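What follows is one structure encoded as structure tokens, with my remarks underneath.
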Amino acid sequence: MAADIERGEIGQYRGVTVELVTVDATGAQVDLSCACMFSHEVDHQPLAGGLANLDKALGGQLAQARRDGAFRAHPLETLLITPPAGAAQAPALLVIGMGHPEDWSPATSAAAVACALRVGHLRGARSIALAPSILDTGIHSDEDVNGPMLHGFKTQLDALHQLHSLGLAPAPAIQHWVFDTGAAHYTHKLEQYQQAFAAMMR
């Protein structure tokens, strides 16, 4: 329920408020809700967490598309979905391929953030949410991923503004960026993101 959603501000950059919110791709109330999906889960386990919720909301068709090879989830392969009525809060869903989980690194997730921002920009989205799907896939790593994802966001937003200044693209419409997270990790994740954001802005 919406009353149970926690949200905290990570920071602001170029007029964009960056937040951490306890939602998944189906629950994010934004113009474009993005979910990352690997070619398979660790040890070929079934879908879990937010990815499982997304697949269920889509009638199992997302997992079916991956099984059939229609969407292989290759690195930065994208699938733009108009969800059926009632399936998601957002009017558009973007699934971003992440490749094999065995090959994952924080740079993989940073690239996905940049991809989501680019697609959102092309659609004129004012608000975008991203579910990294790392834990849902079964990846457990001690590597810092929050810093690289924030850096991917900053670098891509800078690039979009530069393209606009060169007359090659419209001004970015985005005003609100959300990183999705599970409730169990919210407090710790928010502190990590805030620290990484502060370090990035020094």
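Since the structure is predicted, the reported quantities are computational estimates derived from the model, not experimental observations.
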- prompt: With hydrophobic residues grouped by side-chain heavy-atom distances under 4.5 Å, do V178 and I10 end up in a single group?
  reply: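 No, V178 and I10 fall in different hydrophobic clusters.
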task: Following the transitive rule for hydrophobic clusters with a side-chain heavy-atom cut-off under 4.5 Å over Ile, Leu, Val, Met, Phe, Trp and Tyr, establish whether I96 and I81 coincide in one cluster.
output: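 No, no single cluster joins them.
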Out of curiosity, [X] [atom1] to [Y] [atom2], how far, rounded to the nearest 0.5 Å?
{"X": "M200", "Y": "N146", "atom1": "CE", "atom2": "CG", "result": "11.5 Å"}
{"X": "E143", "Y": "S109", "atom1": "CD", "atom2": "OG", "result": "10.0 Å"}
{"X": "Q12", "Y": "M201", "atom1": "CD", "atom2": "CE", "result": "10.5 Å"}
{"X": "Q156", "Y": "L163", "atom1": "CD", "atom2": "CG", "result": "8.0 Å"}
{"X": "I134", "Y": "M149", "atom1": "CD1", "atom2": "CE", "result": "5.0 Å"}
{"X": "L94", "Y": "C115", "atom1": "CG", "atom2": "SG", "result": "6.0 Å"}

Of all heavy-atom pairs between [X] and [Y], which one has the smallest distance, and what is that distance?
{"X": "G50", "Y": "D136", "value": "N-OD2, 3.0 Å"}
{"X": "A63", "Y": "D55", "value": "N-OD1, 2.8 Å"}
{"X": "H140", "Y": "L135", "value": "ND1-CD2, 3.6 Å"}
{"X": "A196", "Y": "L150", "value": "CB-CD1, 3.8 Å"}
{"X": "A35", "Y": "A25", "value": "CB-CB, 3.9 Å"}
{"X": "W177", "Y": "A116", "value": "CH2-CB, 3.9 Å"}

If only atom types and distance count, is the side chain of [X] paired as donor or acceptor with the main-chain N or O of [Y] below 3.5 Å?
{"X": "D43", "Y": "Q45", "answer": "no"}
{"X": "T181", "Y": "T22", "answer": "no"}
{"X": "T108", "Y": "S105", "answer": "yes"}
{"X": "Y186", "Y": "G8", "answer": "yes"}
{"X": "E77", "Y": "H74", "answer": "yes"}

field: Of V30, L130, V23, the residue whose pairing with D180 passes side-chain contact (heavy atoms from CB on, under 4.5 Å)
entry: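 Passing option: V23.
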- prompt: Do H176 and T17 pass the side chain to side chain donor-acceptor pair (under 3.5 Å) test, and can you show the C-alpha distance, the side-chain angles, and the key distance before you say yes or no?
  reply: CA-CA 5 Å; H176 188 201; T17 299; over 6 Å; no
message: Is there a side-chain contact (heavy atoms from CB on, under 4.5 Å) between L160 and L117? Walk through the geometry before answering.
response: CA-CA 9 Å; L160 293 176; L117 189 52; 3.9 Å; yes
- request: Please report the C-alpha distance between S33 and T26 in whole Å, then the side-chain angles of each, then the deciding distance to 0.1 Å, and finally whether the side-chain contact (heavy atoms from CB on, under 4.5 Å) criterion is met.
  value: CA-CA 8 Å; S33 182; T26 60; over 6 Å; no
task: List the steps and the verdict of side-chain contact (heavy atoms from CB on, under 4.5 Å) for L157 and H161.
output: CA-CA 6 Å; L157 187 58; H161 278 278; 3.9 Å; yes
task: In plain terms, say whether R66 and E41 are close enough for a salt bridge, that is, a side-chain N and a carboxylate O under 4.0 Å apart.
output: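 Yes, charged N to carboxylate O under 4.0 Å.
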- prompt: Step by step, would you call Q64 with D68 a side chain to side chain donor-acceptor pair (under 3.5 Å)?
  reply: CA-CA 6 Å; Q64 186 67 47; D68 291 347; 2.9 Å; yes
F179 and E19: CA distance, side-chain angles, deciding distance, side-chain contact (heavy atoms from CB on, under 4.5 Å) verdict: CA-CA 6 Å; F179 286 107; E19 283 191 314; over 6 Å; no
- prompt: Does atom CZ of R123 have more than 12 heavy-atom neighbours from other groups under 6.0 Å away?
  reply: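 No, the 6.0 Å shell around CZ holds no more than 12 heavy atoms from other groups.
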message: Checking Q192 against H185 for the side chain to side chain donor-acceptor pair (under 3.5 Å) test, could you report, in this order, the C-alpha distance in whole Å, the side-chain angles of both residues, the deciding distance, and whether it holds?
response: CA-CA 11 Å; Q192 288 182 324; H185 308 283; over 6 Å; no
